Each structure stands twice: as structure tokens, then as C-alpha cells.
2 protein chains.
Amino acid sequence: MNRERRQDNRKRQARGELRIAQILDAAAECFGEVGFASTSTNAIAATAGISPGSLYQFFANKDDIARALAKRYIRLLEAAHGEAFADEVAKLPLSDMLDRIVDPIVAFNLAHPGFQALLADPGVPSQVSEAKKPLHAVMLTRIDAIFGVRAPELAPDKRRRGAEVAVGIFAALLRMVLAAGPAERPALVAELKRAVGGYLGPLVGEGAV
Amino acid sequence: MNRERRQDNRKRQARGELRIAQILDAAAECFGEVGFASTSTNAIAATAGISPGSLYQFFANKDDIARALAKRYIRLLEAAHGEAFADEVAKLPLSDMLDRIVDPIVAFNLAHPGFQALLADPGVPSQVSEAKKPLHAVMLTRIDAIFGVRAPELAPDKRRRGAEVAVGIFAALLRMVLAAGPAERPALVAELKRAVGGYLGPLVGEGAV
DNA sequence: GGAAAATGCGAGTGATCGCTCGTATTTTTG
DNA sequence: CAAAAATACGAGCGATCACTCGCATTTTCC
């Protein structure tokens, strides 16, 4: 309500901004361990080292915390996407292109393990899960643009489906990479690139990697 | 504890078996709509058209319901796997093999929408999520056997990784197929086969499909 | 310095949920 | 037909959880 508004407009001190960051860190940790639904707000407060009351000085409710965390992740990830989908990558050879796209996104997810935990959790409120839609849309648009450069004759619906399937394969193998131990990771990343490249290759008129 | 034992050993009447089936159907419906954690046992009872007390005549607790539902699904799915991984399929041409394996599993998941909802829910208790491990292991073993027939020279670790990645791709695109509308489905199933076939082809020494 | 604003606390409130219990009804058994 | 077993009920208990409230402390602003 307007309580939430008042909270947004409230003038934060440096201490407050710090607390907000602490709370989001704590929430990421808790969500990652037991999921959104099973995480109590008191647990988040305890993990952040503050009292339950203080938590509500900065967030209107539990959903609000998840929403803010998702927003923070998306802001960070968009920077990584900037590197990954720079204009010139579309013209690179397929395997180079995959290196450029895949590596930064894998690095981001390794650096922020809570990201997948939150955004992939089906128990999360709809307002949060919808936060990743623009992200998904951006990836699809970028891949669509890549098709535009590398396979302009491809029909639009096949393009779109190809992009969605490629993203789906990528997301699935990314989860496997994150779940694997550090020793297994490089080989799995290679398989990820082989799989996505092998799927895109024929669509794009280029041999498998 | 032994309360649970007593319940297992209790002699069920026909009426009781029917109630159990009703309860599992209701649970599948509820879990599918809001997930395991957010489903209340009273809601399951109400959906099944019985009282909360009656529910506990047949199940020791909420986890027990999920476990029984998972067991039921796995029993059903194993029949589908029987068709999918019959011995002779390993020798079929790659695209025929994929038809034989993919189609019945897609059909099963379409017929039982609660299956993915339950087994993919991260909020589910560990005893339930571990129920799908044997399922996963069986799939890996079968695919490993296929490698044994079609690419016997492949190193064991590459074999294993190839099988896991193939299953990962399959599972991800299967979820996309289930999420898509009926109109999109056939094309997506075709892409699923193209993706898995395209990944397996080089490993198995066969051209893409 | 002093008022106002921001931050901090933690016991407490109301609601929800998993599950129990006493009891009533139906079915099986001998 | 009884006695026993299985099924059925639903109010309510104890625990948990999201969130509040009254009040104390710290920081900012003039």
C-alpha cells in the first residue's frame, strides 16, 4: 500500500544501504539452502545478524525481499550479458561465438549461486518469477539477431523456436555445470558448447564444432 | 515409527484402496497447482472429498503422501521405460532409436502432468526427491548400454558424461514440450530429437539426423 | 544542542498448518 | 448376530510463521 511507498521514499542513511545489502546476502544464502517457501523471515534476519523488526524497516514483506534480490541479480547479469552479446560476436566463427557467450554467463552463475536457486524456484511468488521474463526475452532477441546475421533465409517461426530450444539446452546444461564439482566443470562446459553448437550448427549452415 | 508399520500392515478394504487412489489423485492435482510446500493436507483432504482425519487413516504424514505418489508415478513410468529401452532399440538407426525412446516418455508425461510437478519440485522432502534417483540411474545405464553397442571404443568417463548430458538435454526439452500448447508440440518434439540426436551423433559415429 | 528522522530491538499477535483424538458408522469375521 | 476391525468425521491442539508495536538508540539537519 502507501506504507510501501513511504518506505521507498524514505531517505536511507549509509548504514541503511549496508543493512539492505546484508539482508539480501542473507536471503540469497537462505533461499539457496532451503528454497523460498521454507525460508522464514526470522531466519533471514538472524542470518543477517539483525532483529525481525529491523528487517521490516527495509522491506514491506517476504515477497518484497525476493523481488529486490531478483532485481539485484538481474542488474548484475545484464552487465555480463553486455559482454556476452556485444554486436561483433554474431559474426565470429560458431565456436568462438560460443566461447564469448557461454563463458561470462557461466562465470556469473558460479559467482552468484543464489541466482539459479531463486529464479528457478517454482514456489517463488509470480511477481518474482516474472522478473526473469525480460531477461529471457533479451537472450532470445540476441540469438534471433545472430540468426539474422548467420542464417537470414531461415523462416521466422523456425528462428524463434531455434532460439528457444538453444536457450533451453543452454540453461539445462548450465545447471549441470553448477551442480558439478570444480574438477568436472571444464569438461562439462566443453560439452555444453558442443551441445549448443551442435544444435545451432545445422540451423546456421555450419558444421558441428 | 511402528505406528507407520501398523498402518502398512493394516488390512485394507476395497473402499480403503479406493480412498488411497482418490487421495493420491487429489495430491497430484494440488501439488501440480501450487507445489508441495504450499499444499496443505486439509486442502488435499478437501479435494479428495474427505475429512482431514480420514486422510491420516491411510497416510502417516504429508511426506508419506508425496512418497506414495512418487512411487505410483515411478511404477507407471517403468512400464513406459520398458517399451522405450527394449534390447533391440540400441541397434536401430539413430533417428529410429530416438523415436522409440522419446515418444513413449513424452506420452507418459503428457498423460501424467503431476509427475514433473512433483519430481522437479525442489521444495519436496529429500526422501521423495531421492525416489527419482533409481529412475535416473536406469536411464543412464540404458544409454550407457547403447554406447556400448554403438561406440564401444569410447572411454568410460566420456561415455558416462555423454549419457548424463544427453539425459539433461532430453529432460530440459521435455519440460518445454510439456509447457507448450498442443499446436507447438509436434514441432518441439522434432527439435528435441534433433537436439539429442545431434549431440549423440558425433559421439556414436553417425551423422546428424 | 536539540528536534526530527532513521535505525534498532524482540516479545507478542493473529493466522495457518500438520496432525490428533474421541467418537460414530460401516464392513468383515467367526 | 455380535465382536472386532476398518473407515469416517471434524473440532481443536501445539507449533510455526509473517508481520507488528512500543520503545530505545543513533544519525542527520538546522
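As the structure is a computational prediction, the values presented were derived from the model and not from experiment. The analysis underlying the following values was restricted to heavy atoms, covering all of them including side chains, and did not include hydrogens, waters or symmetry mates. Residue numbering restarts at 1 for every chain, and letters A, B, ... go by the order of the sequence lines.
Heavy atoms from other residues, nucleotides or ligands lying under 6.0 Å from CD of Glu17(A) number more than 12.
Rounded to an integer number of Å, the gap from Leu18(A) CG to dA6(C) P is 18 Å. For the pair Ile44(A) CD1 and dC19(D) P, the computed distance is 10 Å after rounding to whole Å.
An OP1 or OP2 oxygen of dT7(C) is reached within less than 4.0 angstrom by a side-chain nitrogen or oxygen of Arg12(A). The side chain of Arg10(A) contributes an N or O atom lying less than 4.0 Å from OP1 or OP2 of dT7(C). At the phosphate of dC19(C), neither OP1 nor OP2 sits under 4.0 Å from any side-chain N or O atom of Thr41(B). Look at Lys11(A) and you won't find any side-chain N or O under 4.0 angstrom from OP1 or OP2 of dT7(C).
Gln116(B) has its side chain within reach of Asn109(B): a pair of non-hydrogen atoms, C-beta onward, lies under 4.5 Å apart. With contacts defined as side-chain heavy-atom distances shorter than 4.5 Å, the pair Asp25(B)/Arg72(B) qualifies.
Closest-nucleotide positions on DNA chain C for Ala14(B) and Ser38(B) were compared, and the one nearer the 5' end corresponds to Ser38(B). Positionally, the nearest nucleotide of DNA chain D for Ser51(B) lies more toward the 5' end than for the other of Ser51(B) and Pro52(A). Comparing Gly53(A) and Ala43(B) by the nucleotide of DNA chain C whose heavy atom lies nearest to each, the residue mapping closer to the 5' end is Gly53(A).
When each of Tyr73(B), Phe36(B), Phe115(B) is paired with Phe31(B), the ring pair (Phe, Tyr, Trp, His ring centres under 6.0 Å) condition holds for Phe36(B) and for no other. Test Leu92(A), Leu98(A), Leu94(A) against Asp96(A) for side chain to side chain contact (heavy atoms under 4.5 Å, CB included) and you get one pass: Leu92(A).
Counting only heavy atoms from C-beta on, Arg15(A) has its side chain closest to dA6(C) among dA6(C), dA11(D), dG18(C). Nearest to the side chain of Gln57(B), among dT7(D), dC19(D), dG8(C), sits dT7(D). Closest to the Asn42(A) side chain, of the nucleotides dA18(D), dC9(C), dG18(C), is dA18(D).
With hydrogens and angles ignored, no donor-acceptor pair closer than 3.5 Å exists between the side chain of Gln13(B) and the base of dA6(D).
Contact annotation for Ser40(A): backbone-only contact, meaning every heavy-atom pair under 4.0 Å involves sugar-phosphate atoms and none involves a base. If you check every strand for non-hydrogen atoms under 4.0 Å, Gly16(B) touches sugar and phosphate atoms only. Residue-level contact check: Thr39(B) touches the backbone only, with heavy atoms under 4.0 Å from sugar-phosphate atoms and none from bases.
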